[in-house]
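A short write-up of the structure that comes next.
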Amino acid sequence: MRVRFAPSPTGFLHVGNARTAVLNFLFKKKYNATYILRIEDTDMERSTKESEESILNDLKWLGIQWDEGPDCGGNYGPYRQSERFDIYREYTEKLLHGGHAYHCYCTQEELDAQRQKAAAANKPFVYPGTCRNLTLEQKKAFESQGRKPTVRFKVKDGITLSINDQIKGNVVFNSENIGGDFIIVRSDGVPVYNYIVIIDDTLMNVTHVIRGEDHLPNTPKQMLIAMALGLPVPVYAHMPLLLGPDRTKLSKRHGITSVAVYREQGYLPQALFNYLALLGWTLESGEEIVPVEKLVAEFELPKIGKSSAIFDFQKLKWMNSVYLRNLPFDKAFELFYPYIEKAYPTVSNNEWLTQVVDTVRGNCEIASDIVKEISIFFGDTAEFEEDAENMLATPEGKTIIQTAYELIHSTINESNYSTETLNTIKQKTGLKGKMLFMPFRAMVTGRLHGPELDKILPLLGYERFTKRIEYCHQRFVK
RNA sequence: GUCCCCGUCGUCUAGGGGUCUAGGACACCGGGUUUUCAUCCCGGCAACAGGGGUUCGAAUCCCCUCGGGGAUGCCA
């Protein structure tokens, strides 16, 4: 069996496409299929080499390995459509000679006008077949005007196209509803996606096409071409689309859609993979955090639900936090360090930092969170969050600040501050539990949330400790 | 407009005629553990889009309505 993932290099890898890549990968693993990576770069204006590279990188980062592709070759290459034009030209000739296609001299302006007219009349636009039976003289006349023809595929009426979709079930189209003869080669000679996918899929011996549902309405066109060319049609599986919280197609305004950005923010590839893989179905056990092998073991195309799914950024984050917490310390540290280095260029990678990261890592959902979590250890005065300020302005808050202030000017010193302060304040004020710890935490870190105070204090150091108390005394008590 | 797909808690889903007073997970709320945060544990909230059939019985099958999405490109 052979599957393929066929991105067009017109931007970063989108999570929706990443999901397609992931499910294809699950399929490959499950059935020991060959995974083909094909670059669909026939949109010459928008395709870039950089996009191609970043897409390949993101796929590798996600843990997806392919067997044939532009970077590693294979027996069915080339794997970029832009390098296969000679092949397509042959087929176009065949179609032209067989009477399945013809040159069309209609201009974009003429077609646009017809489309608008149809829209104004609330009617579907169907290409009327204007150039279907042009005489040689007529063609010459157009060409002498400087018109460059497109190639159109002839769509006969009354053909029933039935797709036995592995996810959607049996889907039936009628050739009348396709919109008439459609363009397969542009006037500049570059063939169009809907035409060459089917050629490449059959030439590359793809047995299962697993792709987004947005391609479902295009499938009958592709089948028509296959029929005209006498090519076999692969098995199809059209996956439901990913939507934003407002139920429209997932886009940037909903949140992060680019895999590269998830990587930059410190998501783990395993977590993204896991989340994407399970969007649309579940294991029998209902488990959510699942290693790839287990996913593969239970994966089956028909198990995927038919309805589109809303991308839940929150759940992804939760999933990532689980993966992050389960990481052994050295792996986690490796992951955190670049963020620390960038935010605090002067900090040195020493035992102190190791301990700081260790105490704080449990509060991180994604790796880049480390910057904020760690920030409580830097600076002579803490940066106060609003709820922490409010806490310190309460009577209990002031009492604790006042008491701490008195202590650092009397019995508390460098050698005993981290072990004695809290208990001494407790004795002196009678405050305990939340009423003791929360204001104290706010005073020392500027936050209401954070790691255990017992661990924070020795790592913070006596000097900063006292400076922060002095500051709070100044600001909230005086 | 036309064609196609879809419709179970806010979200992802389990469910394929009786075992469904509809199960799990995220989120949210409450409680417990932690002298404090987070974790963890326990509990709670919350859904079969609506209407007709078929049937002894319908979340499950059929039809209609409504709602959502996609396509309708010399984009992919």
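Order of the sequence lines sets the chain letters (A, B, ...), proteins ahead of strands, with each chain counted from 1. Computation of the quantities below employed the complete heavy-atom set of this structure, encompassing side-chain atoms and omitting hydrogens, waters and symmetry-equivalent molecules. Note that the coordinates shown come from a computational prediction; the quantities given were computed from them, not determined experimentally.
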Quiz item: For A:D369 and A:Y339, does a side-chain donor sit closer than 3.5 Å to a side-chain acceptor?
Solution: no
Quiz item: Using a heavy-atom distance cut-off of less than 4.0 Å, which residues of residues 309-318 of chain A contact RNA chain B?
Solution: A:A309, A:I310, A:D312, A:Q314, A:K315, A:W318
Quiz item: Can you tell me if NZ on A:K428 sees more than 12 non-hydrogen neighbours from other groups inside 6.0 Å?
Solution: no
Quiz item: At under 4.0 Å between heavy atoms, what does A:G179 touch on the DNA or RNA strands: base, sugar-phosphate, or nothing?
Solution: nothing
Self-check item: Whole-angstrom distance between B:rG44 and B:rC26, as gauged at atom C1'
Solution: 16 Å
Quiz item: If each of A:P451 and A:K303 is mapped to the nucleotide of RNA chain B with the nearest heavy atom, which maps nearer the 5' terminus, i.e. the 5' end?
Solution: A:K303
Quiz item: Which residue pairs satisfy the side chain to side chain donor-acceptor pair (under 3.5 Å) criterion with at least one member in residues 169-179 of chain A, sequence neighbours excluded?
Solution: A:S162-A:N170
Quiz item: Which part of the nucleic acid does A:E40 contact within heavy-atom distance under 4.0 Å: base, sugar-phosphate only, or nothing?
Solution: sugar-phosphate
Quiz item: At under 4.0 Å between heavy atoms, what does A:T10 touch on the DNA or RNA strands: base, sugar-phosphate, or nothing?
Solution: nothing
Exercise. Please identify each residue that fulfils salt bridge (charged side-chain N to carboxylate O under 4.0 Å, His left out) with A:E396, with sequence neighbours left out.
Key: none
Quiz item: With a 3.5 Å cut-off and no angle check, do the side chains of A:N194 and A:Q222 form a donor-acceptor pair?
Solution: yes
Quiz prompt | Nucleotide forming a Watson-Crick or wobble pair with B:rC66, both distances under 3.5 Å | solution = B:rG7
Quiz item: Say you draw a straight line from OH of A:Y323 to CH2 of A:W318; how long is it, rounded to the nearest 0.5 Å?
Solution: 9.0 Å
Self-check item: Donor + acceptor pair across side chains of A:T424, A:T421 (<3.5 Å)
Solution: no
Quiz item: Which part of the nucleic acid does A:N218 contact within heavy-atom distance under 4.0 Å: base, sugar-phosphate only, or nothing?
Solution: base
Self-check item: Crowding at NZ, A:K303 (>12 non-hydrogen neighbours, <6.0 Å)
Solution: yes
Practice problem: Tell me, yes or no, whether the heavy-atom count around A:Q145 atom CD, taken from other residues, nucleotides or ligands under 6.0 Å, exceeds 12. | Solution: yes
Exercise. Identify the nucleotide, in any strand shown, that forms a Watson-Crick or G-U wobble pair with B:rG57, with both distances under 3.5 Å; if there is none, say none.
Key: none
Quiz item: Using atom C1' of each nucleotide, how far apart are B:rU19 and B:rG23 to the nearest Å?
Solution: 13 Å
Quiz prompt | A:K168/A:E213 ion pair, N-O < 4.0 Å | solution = yes
Quiz item: Which part of the nucleic acid does A:V197 contact within heavy-atom distance under 4.0 Å: base, sugar-phosphate only, or nothing?
Solution: nothing
Practice problem: May I ask you to check whether over 12 heavy atoms, not counting those of A:Y193, lie within 6.0 Å of atom OH? | Solution: yes
Self-check item: Nearest-angstrom distance, P atom, B:rA22 to B:rA46
Solution: 11 Å
Practice problem: Report the base-pairing partner of B:rU19 (Watson-Crick or G-U wobble, both distances below 3.5 angstrom), or none. | Solution: none
Quiz item: How is A:T282 classified with respect to the nucleic acid when contacts are heavy atoms under 4.0 Å: base, sugar-phosphate, or nothing?
Solution: sugar-phosphate
Exercise. Using a 4.0 Å heavy-atom cut-off across all strands, classify A:N363 as base, sugar-phosphate, or nothing.
Key: base
Quiz prompt | Who pairs with B:rC28 - Watson-Crick or G-U, where each distance is under 3.5 Å | solution = B:rG44
Practice problem: Check each residue of residues 383-397 of chain A for a non-hydrogen atom within less than 4.0 Å of any atom in RNA chain B, then write out the ones that pass by number, or none. | Solution: none
Practice problem: With syn defined as a glycosidic angle within 90° of 0 and anti as everything else, classify B:rG68. | Solution: anti
Quiz item: Watson-Crick or G-U wobble partner for B:rU2, using a 3.5 Å limit on both distances?
Solution: B:rA71
Quiz item: What pairs of residues pass the ring pair (Phe, Tyr, Trp, His ring centres under 6.0 Å) test when at least one of them lies in residues 420-449 of chain A, not counting sequence neighbours?
Solution: none
Quiz item: Looking across every strand, which nucleic acid part, if any, lies under 4.0 Å from A:E452 by heavy atom: base, sugar-phosphate, or nothing?
Solution: base
Quiz item: Base, sugar-phosphate, or nothing: which does A:H215 touch, judged by heavy atoms less than 4.0 Å apart?
Solution: base
Quiz item: Base, sugar-phosphate, or nothing for A:G305, non-hydrogen atoms under 4.0 angstrom?
Solution: nothing
Quiz item: How about A:Y105 and A:E143: does a side-chain donor come under 3.5 Å of a side-chain acceptor?
Solution: yes
Exercise. Mind checking A:R115 for me? I need base, sugar-phosphate or nothing, with any heavy atom below 4.0 Å counting as a touch.
Key: sugar-phosphate
Quiz item: Can a donor-acceptor pair be found between the side chains of A:Y275 and A:D312 at a distance below 3.5 Å?
Solution: no
Quiz item: Can you give the first and last nucleotides of RNA chain B, 5' to 3', that have an atom under 4.0 Å from a heavy atom of chain A?
Solution: B:rG1 to B:rA76
Exercise. Looking at every strand, decide which applies to A:S307 at a 4.0 Å heavy-atom threshold: base, sugar-phosphate, or nothing.
Key: sugar-phosphate
Quiz item: If each of A:V190 and A:E213 is mapped to the nucleotide of RNA chain B with the nearest heavy atom, which maps nearer the 5' terminus, i.e. the 5' end?
Solution: A:E213
Quiz prompt | Sugar-phosphate, base or nothing in reach of A:C106, heavy atoms under 4.0 Å | solution = base
Practice problem: Would you mind classifying the nucleic acid contact of A:R441 as base, sugar-phosphate or nothing, using non-hydrogen atoms under 4.0 angstrom? | Solution: base
Quiz item: Distance between the C1' atoms of B:rC45 and B:rC62, in whole angstroms?
Solution: 35 Å
